[in-house]
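Okay, so here's the structure we're looking at.
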Amino acid sequence: MNEEYFKRGIDLKRLYLRFLSRVWLLIMLMAVGAVAGGVAYQVARAMRMPVAYEAVSKLYISFGMDESGEIYQYYNGYTWNDLLDTDPILDRIMAYVPENASREEISAATKAEILSDIRLLTITVEGSTEKFVREVQAAVEKGLVDYGEASEELKRIEVIRTGDPLRVYWDDRTITACAGGAVLFGVIACLFMAFFYVLDESIYVPGDVEKKYPFRALGIMTRKQKGLQPYARELKANISYILGDKRSFGMIDMENHSDVRRIDLEKLLNAGRDEFIGGDGEAGGLTWSIPKEETKRKKKGEWEVVPFNSNALSQEECGRIRELGGAVLLLPFGEDVGRKTARVLELLHNQDCRVLGMVIAQADEEFLNRYYE
């Protein structure tokens, strides 16, 4: 194997085409990530969120008048928060609270706000149980009513609305969690795809063969025999040049389908120029047509391909390859057969069997047409 192969740069065109062929996997993983993110958020929201209840009361304040006849209007939200923690109000509230509650717990659980109108006081009670919130809410309401009756600055405080304790939840961010999961899985998928691309020793184009092996890349055999021009002519020209006047050679198929590949290769080599017909194929290239009838006997001067499977090479097969003057290796398109190929090349080297070159078999026409356009 060519050592410079491991120092090769990234073929951006090939990387782009390989990414396109697996974009469905990226989309699927992003969808899985979105579902996983949403489910994980809902589970965390339901199980890990602290249990809390909250009740809101609305009280109306009627202000008294001072000695000059002016109405006391200096109460605001901050003033009421401070007042709730003072003894005159807190003592009245504690008179209605169950004995097991402390003054500190009541102070921490209650909050007073004046949102707009200074006569409208909003009391919020929060606690870990519905019972606690309900009891504290009732105690605060009664304590403030008592304070309104006793205060000189106020005429009275009356409760105008009492809300039931409700469970407090986090803000619903399911969409954000789904988007985050999709992005996370997408990034991980891209990193894995890049990682496997670096480790990928599969052959896609002749340039890969020449970078990886010290042998010639003779050409390409396409998968559906469409889009063959100029691939068929290039392959025939290269094999003809390598063999000269000889018309027979060995062929070793790394996928072990040598009988089928032999028929395809012989048809290609024995086709005349008029049988390479131009036209639009399904893959966007040109098509190759040959007569459907086959003669059992080969005509004089026709190419003869002797097939060998990579897993069936023995001393006899190697002797036959030496008699033929060498063999062509067929490497499957997009399949990692690097280790198997290294084993076969080592055997051929030890048996003094000449490797004439390498051919990419079962190539994807659409990939090739996009790569070379």
Checklist entry - Is a side-chain donor or acceptor of Arg156 paired with a backbone partner of Phe63 at a separation under 3.5 angstrom? => result no

Checklist entry - Above 12 or not: heavy atoms from other molecules or residues under 6.0 Å from CZ of Arg216? => result no

Checklist entry - Are Phe367 and Phe333 close enough, and set up right, to give a ring pair (Phe, Tyr, Trp, His ring centres under 6.0 Å), and what steps lead you there? => result CA-CA 11 Å; Phe367 178 92; Phe333 174 88; 5.5 Å; yes

Item to check | Euclidean distance, Leu331 CG relative to Met358 CE, rounded to 0.5 Å | outcome: 5.0 Å

Counting only pairs under 3.5 Å, give me each side-chain donor-acceptor contact of residues 136-143, with atom names and distances, residues two or more places apart or in other chains.
unit_1, atom_1, unit_2, atom_2, d
Gln137, NE2, Ser57, OG, 2.9
Gln137, NE2, Gly163, O, 2.9
Glu141, OE1, Thr162, OG1, 3.4
Glu141, OE2, Ser57, OG, 2.5
Glu141, OE2, Thr162, OG1, 3.0

Checklist entry - Under the 3.5 angstrom rule, does the side chain of Asp208 hit a backbone N or O of Val205 as a donor-acceptor pair? => result yes

Checklist entry - Has Ile188 got more than 12 heavy atoms of other residues, nucleotides or ligands less than 6.0 Å from its CD1? => result yes

Checklist entry - Does Phe308 reach the side chain of Val306, with side-chain heavy atoms less than 4.5 Å apart? => result yes

Checklist entry - Under 3.5 Å, is there a donor-acceptor pair between the side chain of Glu266 and the main chain of Val305? => result yes

Item to check | side chain to side chain contact (heavy atoms under 4.5 Å, CB included) evaluation trace for Val359 with Ile220 | outcome: CA-CA 6 Å; Val359 175; Ile220 302 170; over 6 Å; no

Checklist outcome for this item: Taken to the nearest 0.5 Å, the spacing of Thr222 OG1 from Leu368 CG works out to 8.0 Å

Next on the checklist: Measuring only between side-chain heavy atoms, which start at C-beta, is Ser102 closer than 4.5 Å to Glu105?
Outcome noted: yes

Checklist entry - Do you see a donor-acceptor pair shorter than 3.5 Å between the side chains of Ser202 and Asp336? => result no

Item to check | Close side-chain approach of Leu26 to Phe192, heavy-atom, < 4.5 Å | outcome: no

Checklist entry - Taking it one step at a time, do Leu313 and Ile321 satisfy side chain to side chain contact (heavy atoms under 4.5 Å, CB included)? => result CA-CA 10 Å; Leu313 292 176; Ile321 292 174; 4.3 Å; yes

Checklist entry - For Tyr53 and Glu126, what are the C-alpha separation, side-chain angles and deciding distance, and is it a side chain to side chain contact (heavy atoms under 4.5 Å, CB included)? => result CA-CA 6 Å; Tyr53 291 89; Glu126 185 173 338; over 6 Å; no

Checklist entry - Does CZ in Arg167 sit with more than 12 non-hydrogen atoms of other residues, nucleotides or ligands closer than 6.0 Å? => result yes

Next on the checklist: Is it the case that over 12 heavy atoms from other parts of the model lie below 6.0 angstrom from the CZ atom of Arg103?
Outcome noted: yes

Item to check | salt_bridge(Glu323, Arg320) N-O dist < 4.0 Å | outcome: yes

Checklist entry - NZ of Lys340: more than 12 outside heavy atoms within 6.0 angstrom? => result yes

Item to check | Hydrophobic cluster identity match, Leu154 and Leu90, side-chain contacts under 4.5 Å | outcome: yes

Checklist entry - Which is it for Leu345 and Phe215 under the side chain to side chain contact (heavy atoms under 4.5 Å, CB included) test, yes or no, and what are the steps along the way? => result CA-CA 11 Å; Leu345 290 176; Phe215 302 107; 3.8 Å; yes

Item to check | Side chains of Ser310 and Asn256, donor plus acceptor under 3.5 Å | outcome: yes

Next on the checklist: Does either side chain, that of Thr124 or that of Glu54, offer a donor lying less than 3.5 Å from an acceptor on the other one?
Outcome noted: no

Checklist entry - Hey, what do you get for CG (Leu348) to CD (Glu346), rounding to the nearest 0.5 Å? => result 10.5 Å

Item to check | Euclidean distance, Ile61 CD1 relative to Leu120 CG, rounded to 0.5 Å | outcome: 8.0 Å

Checklist entry - Hey, does the side chain of Lys58 reach the backbone of Leu121 with a donor-acceptor pair shorter than 3.5 angstrom? => result no

Item to check | Non-hydrogen side-chain atoms of Pro307 and Asp253 separated by less than 4.5 Å | outcome: no

Next on the checklist: Would you say Asp146 and Tyr96 are linked by a side-chain donor-acceptor pair, where the criterion is simply a distance under 3.5 Å?
Outcome noted: yes

Item to check | Between CD on residue Gln362 and CG on residue Asp264, distance to nearest 0.5 Å | outcome: 7.0 Å

Checklist entry - Roughly how far, to the nearest 0.5 Å, is CD1 of Ile203 from CD of Glu210? => result 10.5 Å

Item to check | Backbone N/O of Arg339 and side chain of Arg343: donor-acceptor pair under 3.5 Å | outcome: no

Item to check | N-O pairing of Asp364 and Arg370 below 4.0 Å | outcome: no

